Trainee: 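This is the structure, below, for whatever I ask next.
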Protein chains: 2
Amino acid sequence: MGESSQATGKAHLIARLRGAGLRPTRQRVELTGLLFEGGDRHLTAEMLHEEAAQAGIRVSLATIYNTLHQLTDAGLLRQVTVDAARSYFDTNIGEHQHFYLEDEGTLIDIPGAEIAVAGVPNAPSGTRVERVDVVVRLRRD
Amino acid sequence: MGESSQATGKAHLIARLRGAGLRPTRQRVELTGLLFEGGDRHLTAEMLHEEAAQAGIRVSLATIYNTLHQLTDAGLLRQVTVDAARSYFDTNIGEHQHFYLEDEGTLIDIPGAEIAVAGVPNAPSGTRVERVDVVVRLRRD
DNA sequence: TCAATAGTTTGGAATTATTCTAATGAAAAT
DNA sequence: ATTTTCATTAGAATAATTCCAAACTATTGA
């Protein structure tokens, strides 16, 4: 019963997908459920695939990739490039930056208000700044 | 004559490799020559391999990768992660940041003095900050 | 100087993340 | 209900990178 604000907010998810111009297919609804109903998350395609499997959701890896990219293009996810080996997708699309724990491959958000980059030179002519990414790389000591 | 500061500073290259604890093999000397005798550069393994080929240097791609990583570990190169698809290696190891032209996959240095990051929170306990990377992503407009 | 040792290079196979493809299935439009 | 459009899927294909075992080279010590 009672579909609390988070759990199983299916209608909400469907609206979200529609808003992004995406058909609310079974797979997309279930994946966006996993993605957006657990606070801020940083996941790779493999991680999401695994999580879907655990949850009993049948989705191919190809669809995982498709969906992650579509959501990214729609501005509902942000792709984070910190490790050449894999791509992370961040469900937090607000302004913020990251700590990256290189030893474990873990990302931690740094709220946008706390951090500031000063002195960025003008973008070369013919280009515009799309985003400024800050990655604070950490090592266990 | 004296081997001007740049051109054909073979002895210099050998000393550099020795200093890094690496045997000055033919391949390493030639590759470090390409890397360090042309100012600040940003290259991928494939780019260096190609460049070596052009210069008539016979080296396998495996050795290119080995050498790039060894030089990186020795602190003579800095690996730059801006694109999930490939790794760049930067011959400028001084403090600086980068513009990244996403449309062309090109990196441009931003001198360290010009840019500053303020408000980085303390590193979580048990970790230390290894480096703060700033990437200003550009798009053609 | 030369053999013994330790470290290096190499081609090709192997691995890994990701993308592509063509066929099948499902949602939207008529 | 049917057609049209878009999505999903398994598996093949790609691309960057790493691994491997054999062949080679620098260094060391007699």
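Please read all numbers here as calculations on a predicted model, not as lab measurements. The chains referred to below are lettered A, B, ... by the order of the sequence lines, with proteins before strands, and numbering in each begins at 1.
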Trainee: Closest to the A/R58 side chain: C/dT19, C/dT9, D/dT9?
Mentor: D/dT9

Trainee: On the 0 to 90° scale, with breaks at 30° and 60°, tag the A/Y65-A/H69 ring pair as parallel, tilted or perpendicular.
Mentor: tilted

Trainee: For B/Q70 and B/A84, take the nucleotide of DNA chain C holding the closest heavy atom to each; which residue's nucleotide lies nearer the 5' end?
Mentor: B/Q70

Trainee: Report the distance from atom CG of B/L48 to atom P of C/dT9, rounded to the nearest whole Å.
Mentor: 13 Å

Trainee: Can you check whether B/H69 has a side-chain N or O nearer than 4.0 Å to OP1 or OP2 of D/dT18?
Mentor: yes

Trainee: Would you indicate, yes or no, if C/dT10 has its OP1 or OP2 atom less than 4.0 angstrom from a side-chain nitrogen or oxygen of B/Q27?
Mentor: yes

Trainee: Let me know the distance between CD of B/Q79 and C1' of D/dT17, rounded to the nearest Å.
Mentor: 11 Å

Trainee: Using a 6.0 Å distance limit plus a 45 degree cone around the ring axis, check whether A/R16 lies over the aromatic ring of A/F36.
Mentor: yes

Trainee: Using whole Å, report how far CG of B/D83 lies from C1' of C/dT18.
Mentor: 13 Å

Trainee: Answer yes when B/E102 and A/R131 have at least one side-chain N-carboxylate O distance shorter than 4.0 Å, and no when they do not.
Mentor: no

Trainee: Nearest whole Å is fine: how far is D/dT8 P from A/L31 CG?
Mentor: 9 Å

Trainee: Quick one: label B/T25 by what it contacts on the DNA or RNA (base, sugar-phosphate, nothing), any heavy atom closer than 4.0 Å.
Mentor: sugar-phosphate

Trainee: To the nearest angstrom, how far is B/L61 atom CG from C/dA13 atom C1'?
Mentor: 14 Å

Trainee: Considering just the side-chain nitrogens and oxygens of B/Y65, establish if one lies under 4.0 Å of OP1 or OP2 belonging to D/dT18.
Mentor: no

Trainee: Do A/Q27 and A/R58 have side chains that get closer than 4.5 Å, going by heavy atoms?
Mentor: no

Trainee: Could you state the CD1-C1' distance from B/I14 to D/dT25, rounded to the nearest angstrom?
Mentor: 14 Å

Trainee: For D/dT17 and B/S87 - does any side-chain N or O of the residue sit under 4.0 Å from the phosphate oxygens OP1/OP2?
Mentor: yes

Trainee: Looking at the base of D/dT5, is there any donor atom on it, or on the side chain of A/R23, that sits under 3.5 Å from an acceptor on the other one?
Mentor: yes

Trainee: Taking only side-chain N and O atoms of A/R26, does any of them lie within less than 4.0 angstrom of OP1 or OP2 on C/dG25?
Mentor: no

Trainee: Of B/P24 and B/R86, whose nearest nucleotide on DNA chain D comes first from the 5' end?
Mentor: B/R86

Trainee: Show the numbers, then the answer: is there a side chain to side chain contact (heavy atoms under 4.5 Å, CB included) between B/R28 and B/L22?
Mentor: CA-CA 9 Å; B/R28 284 179 184 155; B/L22 298 170; 3.8 Å; yes

Trainee: From CD of A/E46 over to C1' of C/dT15, roughly how many Å is that when rounded to an integer?
Mentor: 13 Å

Trainee: For the side chain of A/S60, counting heavy atoms from C-beta on, which of D/dA10, C/dA17, D/dC19 is nearest?
Mentor: D/dA10

Trainee: Nearest to the side chain of A/T63 - D/dC19, D/dT9, C/dA17?
Mentor: D/dT9

Trainee: Using a heavy-atom cut-off of under 4.0 Å over every strand shown, decide if B/A85 touches base, sugar-phosphate, or nothing.
Mentor: sugar-phosphate

Trainee: Atom CG of B/N66 to atom P of D/dA21: distance rounded to whole Å?
Mentor: 16 Å

Trainee: Do the charged groups of B/D103 and B/R139 touch, with an N to O distance under 4.0 Å?
Mentor: yes

Trainee: Using a 4.0 Å heavy-atom cut-off, does A/T44 contact any base of the nucleic acid, only the sugar-phosphate backbone, or nothing at all?
Mentor: nothing

